[in-house]
Amino acid sequence: MPIAHPLPLCVAWLLLLVVIVMSDMTNGGVQGPIEGYNSLDDLLTTTPTPGQAAMLLPTAPTAAYTHPKWMEPYFDPSTPRNVTALMGKSAYLSCRVRNLANKTVSWIRHRDIHILTVGSYTYTSDQRFQATHHQDTEDWTLQIKWAQKRDAGMYECQISTQPVRSYFVRLNVVVPTATILGGPDLHVDKGSTINLTCTVKFSPEPPAYIFWYHHEEVINYDSSRGGVSVITEKGDVTTSFLLIQNADLADSGKYSCAPSNADVASVRVHVLNGVHLLWPLVHKLRKSWPKKERTRCKFNAYKSRSSRCMNV
C-alpha cells in the first residue's frame with residue numbers, strides 16, 4: 001500500500017500562514033477567527049467546504065485599509081455661525097464635531113492668529129478663555145468670561161485632520177446703550193411739563209444709578225426751583241423719566257442722561273413762548289415751498305408776523 005506523500009501537509013501549513021497575514025491586512029488590523037473555524041485545530045482537522053477552500057487560496061496583496069468617507073470627522077452644519085453676547089457677561093461659542101475619534105479640536109482667534117485652546121487645555125495667558133467638553137456630547141465649547149468689546153470678531157474651530165478642517169464662528173459683543181427718546185431736539189410750550197425718557201439697553205444688569213444733567217451740571221431734585229422729579233424703572237431695559245413741571249425759558253438747553261454702565265445720551269430742549277411754538281412746523285414746511293414764497297414768509301415772519309406764515 002503506497003504511503004501518502006507529506007507535501008499536501010506542507011502546502012496546508014503554507015496556506016495557513018498566508019491566510020493569517022492576509023486576514024490581518026484586509027480586516028484593518030483587527031484579528032479574529034476565520035469564518036467557519038473557531039480554532040487552529042478546527043482548521044487542520046476539518047475537511048473544508050468549497051467556500052472555505054476558496055478562503056485558503058493565496059490572494060494578491062491589498063492596499064492599506066482606509067475608513068469610508070462617512071467615518072471621517074466632520075462638523076455639524078446646524079451649529080450657529082453667529083453668536084451675540086452682552087459685554088461683561090460670558091460668551092459661548094459652540095463647535096459640534098461628529099466622528100472625532102482620536103483627533104483633537106482647537107480654537108483659534110483670527111484677529112491675531114492666536115491658538116486659544118487645544119482639546120481641554122488653554123494656551124493663552126488670558127484666563128477668561130476656556131474650552132469645555134462633556135464626554136457624553138460632541139460639543140467643544142469655547143467660553144469667554146466677562147466678554148469685552150475687543151473680543152468681537154472671527155473664531156476658528158479646527159480639527160487636527162490632514163489637511164485640517166475648520167468651522168468659523170463670528171462673535172458680536174453688544175455694548176450697553178443709552179438713548180433719550182424724541183431727540184435730538186424737543187420743543188415744549190412755556191408752562192407745560194418737560195418729560196424726558198432715557199432707556200438703557202443691552203446691559204448685563206441694570207445700571208447702579210442714572211444721573212441727569214442740564215448744561216453739564218447735575219440736576220438737583222431738591223433745588224429751590226421745585227417741580228423736578230425722576231422715576232426709574234429697572235429691568236432688562238432700564239427706563240428713567242425726568243419730569244420738570246411748569247417749564248420756563250430758563251429750562252431750555254442741553255439735557256444729558258448718564259447711566260453708570262453706558263455712554264452718555266443727550267437731547268436739546270427748546271421752551272417756546274406762545275405763538276413761537278409753531279416755528280418748528282413752519283421751518284419744516286418752508287423746505288417744500290418755492291424759493292420766492294419762502295423768502296416772503298421769512299420776511300413777514302420777522303417783520304410783520306404775517307398770519308399766513310404763522311398759521312400754516
Side-chain angles (χ1 to χ4, degrees), residues 75-97 104-134 137-160 164-184 196-213 232-241 255-267:
F75 296 103
D76 185 341
S78 65
T79 307
R81 290 184 177 272
N82 283 283
V83 176
T84 300
L86 296 175
M87 189 175 75
K89 289 292 188 178
S90 290
Y92 297 92
L93 281 61
S94 181
C95 181
R96 188 172 296 117
V97 181
T104 57
V105 175
S106 303
W107 278 99
I108 301 172
R109 182 173 57 200
H110 260 228
R111 170 166 55 86
D112 50 3
I113 316 298
H114 189 94
I115 298 176
L116 301 173
T117 63
V118 176
S120 299
Y121 297 95
T122 302
Y123 286 87
T124 175
S125 58
D126 191 341
Q127 295 302 311
R128 297 182 303 123
F129 292 88
Q130 179 182 359
T132 58
H133 171 68
H134 298 287
T137 69
E138 297 174 312
D139 289 335
W140 293 82
T141 303
L142 176 66
Q143 178 184 8
I144 307 176
K145 302 176 183 177
W146 309 294
Q148 302 299 312
K149 192 173 182 179
R150 68 177 185 273
D151 294 325
M154 191 70 72
Y155 291 79
E156 176 184 354
C157 176
Q158 188 179 99
I159 306 176
S160 61
V164 297
R165 300 183 181 185
S166 300
Y167 194 87
F168 297 94
V169 180
R170 178 175 293 278
L171 173 63
N172 306 290
V173 179
V174 179
V175 180
T177 304
T179 305
I180 297 180
L181 304 183
L196 302 181
T197 303
C198 176
T199 61
V200 182
K201 300 180 179 180
F202 311 122
S203 175
E205 57 186 12
Y209 58 83
I210 296 179
F211 288 153
W212 283 93
Y213 291 83
T232 300
E233 299 175 353
K234 295 185 177 183
D236 292 339
V237 176
T238 297
T239 305
S240 180
F241 304 92
Y255 286 81
S256 300
C257 164
S260 62
N261 59 350
D263 293 336
V264 175
S266 299
V267 69

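Every heavy atom of this structure was used, including side-chain atoms; hydrogens, water molecules and symmetry mates were not. None of the values given here were measured: they were computed from a predicted structure.
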Classify the side-chain pair Asp76/Ser78 by whether it contains a donor and acceptor separated by less than 3.5 Å.
yes

For the pair Tyr167 (side chain) and Thr79 (backbone), establish whether a donor and an acceptor sit closer than 3.5 Å, ignoring hydrogens and angles.
yes

Once rounded to the nearest 0.5 Å, what's the spacing between atom CH2 of Trp107 and atom OG1 of Thr124?
15.0 Å

What's the spacing between Phe129 CZ and Gln143 CD if we round to 0.5 Å?
11.0 Å

Would you say that Phe202 contacts Leu86 through its side chain, given a criterion of any heavy-atom pair below 4.5 Å between the two side chains?
yes

Between Val267 and Gly183, what is the shortest heavy-atom contact and its length?
CG2-CA, 3.6 Å

If we ignore hydrogens and angles and just use 3.5 Å, is the side chain of Ser256 paired with the main-chain N or O of Tyr213 as donor and acceptor?
no

Is the shortest side-chain heavy-atom distance between Arg165 and Phe75 below 4.5 Å?
yes

Side chains of Thr122 and Thr117: any donor to acceptor distance under 3.5 Å?
no

With side chains defined as the heavy atoms from C-beta onward, is the minimum distance between Ile108 and Gln158 less than 4.5 Å?
yes

When rounded to the nearest 0.5 angstrom, what is the spacing between OG1 in Thr232 and OH in Tyr209?
13.0 Å

With a 4.0 Å cut-off on N to O distance, would you call Arg109 and Asp151 a salt bridge?
no

Tell me, do Leu171 and Leu93 make a side-chain contact under 4.5 Å, heavy atoms counted?
yes

Close side-chain approach of Val200 and Val237, heavy atoms under 4.5 Å:
no

Does any N or O in the side chain of Thr179 come within less than 3.5 Å of the main-chain N or O of Thr177, such that one atom is a donor and the other an acceptor?
no

Any luck finding a side-chain donor-acceptor pair between Ser240 and Trp212 under 3.5 Å?
yes

Can you tell me how far the SG atom of Cys157 sits from the CG atom of Leu116, to the nearest 0.5 Å?
11.5 Å

Would you please say whether a donor-acceptor pair under 3.5 Å links the side chains of Glu233 and Thr239?
no

If we ignore hydrogens and angles and just use 3.5 Å, is the side chain of Lys89 paired with the main-chain N or O of Trp146 as donor and acceptor?
no

Closest contact, heavy atoms only, Ala262 versus Ala178
CB-N, 4.2 Å

State whether the side chain of Asp126 and the backbone N or O of Arg128 hold a donor-acceptor pair below 3.5 Å, judged by distance alone.
yes

Less than 4.5 Å apart, side chain to side chain, heavy atoms only: is that true for Val264 and Cys257?
no

For Asn82, I'd like to know if atom CG has over 12 heavy atoms of other residues, nucleotides or ligands within 6.0 Å.
yes

Output field: ring centroids Tyr123/His114 closer than 6.0 Å
no

Does a sphere of radius 6.0 Å around CG in Leu181 hold more than 12 heavy atoms from other residues, nucleotides or ligands, not counting ones at 6.0 Å or beyond?
yes

Please answer whether the main-chain N or O of Asp139 pairs with a side-chain N or O of His133 as donor and acceptor at a distance below 3.5 Å.
yes

If we only count heavy atoms from C-beta on, is the Ile210 to Thr238 side-chain gap below 4.5 Å?
yes

With rounding to the nearest 0.5 Å, note down the distance linking CD in Gln130 to OG in Ser90.
9.5 Å

Approximate separation, where rounding is to 0.5 Å, of Met154 CE and Arg111 CZ
13.5 Å

Pairwise side-chain contact, Pro176 with Met87, heavy-atom cut-off 4.5 Å (strictly under):
yes

